[in-house]
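Protein chains get the first letters and strands the later ones, always in sequence-line order, with residue 1 at the start of each. Keep in mind the model is a prediction, meaning the values are calculated, not measured.
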2 protein chains.
Amino acid sequence: METKIAIAALAALAQETRLAVFRYLVEAGPQGVTVGRIGEALDVAPATLSFHLKELSRAGLITSRQESRFIWYSANYESMNALIAYLTDNCCQGQACGVAGAAQAKPKSTRRKTAAARKKRPSR
Amino acid sequence: METKIAIAALAALAQETRLAVFRYLVEAGPQGVTVGRIGEALDVAPATLSFHLKELSRAGLITSRQESRFIWYSANYESMNALIAYLTDNCCQGQACGVAGAAQAKPKSTRRKTAAARKKRPSR
DNA sequence: TCCATAATTCGATATTTATGGAAATGTAAG
DNA sequence: CTTACATTTCCATAAATATCGAATTATGGA
């Protein structure tokens with residue numbers, strides 16, 4: 001997953017209502033839920049909900065399908081997997097972050113380096 | 001991890017400069033890096049960098065220690081682990097998100113339910 | 001004490017984001 | 001074709017964020 005995309009996903013989830021919506025959709029399963037029901041369940045005004053759904057869609061975290069007058073939204077599990085993978089890969093420096101007593105030492109970094117860095121003072 | 005805290009962490013990482021700073025700190029290891037060096041490496045103005053460092057600190061993603069005139073910032077691996085755990089636990093409904101071909105079906109949910117939901121129309 | 005340097009805070013500004021009423025759009029049913 | 005309803009778009013407004021020069025606050029060395 002590319003950084004730009006990860007940022008979009010993080011931003012989409014970093015908002016109370018949207019995170020609640022996403023969790024609700026995850027809970028609801030692959031079939032999804034209609035906008036009306038989401039609004040009822042989470043008590044969000046239609047226009048506001050629409051705004052947040054668009055935001056989540058834009059980030060690729062949810063998808064929708066129309067069925068007669070209703071629109072069913074569902075969580076896109078793949079993109080959430082990709083986000084978690086991004087965080088695990090890029091923000092834990094190979095320390096198998098999810099695993100218990102991580103942190104410390106930094107083995108040898110089998111992973112890509114940003115290079116760029118490392119310049120002058122302080123020598124550490 | 002509580003939702004409020006997760007949101008703070010997500011918001012802190014959902015910004016290009018901050019994500020870059022955090023990744024840089026992760027790469028740098030537990031010892032950390034001085035503010036000056038971060039600014040040089042990522043080319044960010046002091047005041048701007050200070051703002052973002054405060055933001056990351058507030059979210060608990062980094063910590064700092066003063067050493068003479070320098071302040072060393074380092075990634076807080078535990079909180080990143082906690083965030084990943086939160087996402088895995090709450091946004092994948094027991095589908096062991098991180099693992100390959102996840103998504104689909106939704107086994108039986110050994111996990112806590114928000115209850116709240118499920119009301120009227122449409123019956124699904 | 002005085003100077004240089006590291007980092008933060010202050011303050012002004014520009015941009016983005018969130019909220020929700022009202023109007024518009026789409027779809028189905030009478 | 002008219003009405004009912006689901007959802008989105010439009011629009012105005014309020015609030016939060018990001019940026020960065022300038023001033024301020026440490027801290028150490030001459």
Side-chain angles (χ1 to χ4, degrees), chain A residues 3-4 7-22 24-25 28 31-59 61-74 119-124, chain B residues 3-4 7-22 24-25 28 31-59 61-74 119-124:
Chain A
T3 294
K4 280 277 171 60
I7 289 178
L10 289 166
L13 295 173
Q15 206 282 341
E16 196 171 337
T17 303
R18 282 196 299 267
L19 182 55
V21 168
F22 185 75
Y24 184 63
L25 292 182
Q31 179 161 43
V33 184
T34 63
V35 177
R37 190 196 282 251
I38 300 172
E40 262 171 29
L42 307 180
D43 193 38
V44 184
T48 304
L49 181 54
S50 220
F51 167 78
H52 289 306
L53 288 171
K54 196 203 283 186
E55 216 55 20
L56 285 166
S57 294
R58 207 161 54 79
L61 287 165
I62 64 177
T63 49
S64 63
R65 92 196 121 87
Q66 177 140 16
E67 199 159 291
S68 99
R69 277 187 301 178
F70 303 89
I71 296 181
W72 298 70
Y73 278 90
S74 53
K119 282 186 177 175
K120 41 177 181 172
R121 306 243 311 273
S123 66
R124 239 211 192 167
Chain B
T3 294
K4 279 276 171 58
I7 289 178
L10 289 166
L13 295 173
Q15 205 281 340
E16 195 170 338
T17 302
R18 281 197 299 267
L19 183 55
V21 167
F22 185 75
Y24 184 63
L25 292 182
Q31 179 161 41
V33 184
T34 63
V35 177
R37 189 197 280 255
I38 300 172
E40 263 172 26
L42 306 181
D43 194 38
V44 184
T48 305
L49 181 54
S50 222
F51 168 78
H52 288 307
L53 287 171
K54 197 204 281 187
E55 216 54 20
L56 285 166
S57 295
R58 208 159 54 79
L61 287 165
I62 64 177
T63 50
S64 63
R65 91 196 122 87
Q66 176 139 16
E67 198 159 291
S68 99
R69 277 187 300 178
F70 302 90
I71 296 181
W72 297 70
Y73 277 90
S74 53
K119 281 186 176 174
K120 43 175 179 172
R121 305 247 310 275
S123 66
R124 240 212 189 163

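- Rounded to an integer number of Å, the gap from Arg37(A) CZ to dC5(D) P is 19 Å.
- Pairing for dC10(C) is with dG21(D), a Watson-Crick or G-U wobble pair whose two hydrogen-bonding atom distances lie under 3.5 Å.
- With sequence neighbours excluded, the residues forming a side chain to side chain contact (heavy atoms under 4.5 Å, CB included) with Ala11(B) are Ala14(A), listed by chain and number.
- Note on Lys54(B): every side-chain N or O is 4.0 Å or more away from OP1 and OP2 of dA7(C).
- Contacts classified as salt bridge (charged side-chain N to carboxylate O under 4.0 Å, His left out) and involving residues 46-55 of chain B (residues at least two apart or in different chains) are given here: Glu55(B)-Arg58(B).
- By the side chain to side chain donor-acceptor pair (under 3.5 Å) test, Arg69(B) is found to be paired with no residue, residues two or more places apart in sequence or in another chain being considered.
- Across the protein-nucleic acid pair, Trp72(B) atom CH2 and dA6(C) atom P stand 13 Å apart, rounded to whole Å.
- Between the CZ atom of Arg65(B) and the C1' atom of dA6(C) there is a distance of 15 Å, given to the nearest Å.
- Here Tyr73(A) reaches the OP1 or OP2 of dT8(D): one of its side-chain N or O atoms lies under 4.0 Å away.
- Not counting sequence neighbours, Glu16(B) has no partner by the side chain to side chain donor-acceptor pair (under 3.5 Å) test.
- Ile71(B) has its CD1 atom 11 Å from the P atom of dA26(D), to the nearest Å.
- Side-chain contact between Val21(A) and Leu49(A): present, with at least one pair of heavy atoms (C-beta onward) separated by less than 4.5 Å.
- For Thr3(B), the side chain to side chain donor-acceptor pair (under 3.5 Å) partners are Arg23(A), Tyr86(B), not counting sequence neighbours.
- Atom-to-atom, CD of Glu16(B) to P of dT17(D) comes out at 18 Å; the value is rounded to the nearest Å.
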#### Entry: Heavy-atom protein contacts under 4.0 Å, nucleotides 12-30 of chain C, coded B base, S sugar-phosphate only, - none
------BBBB----BBS--

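- With rounding to whole Å, Ile38(B) atom CD1 is found 9 Å from dT8(C) atom P.
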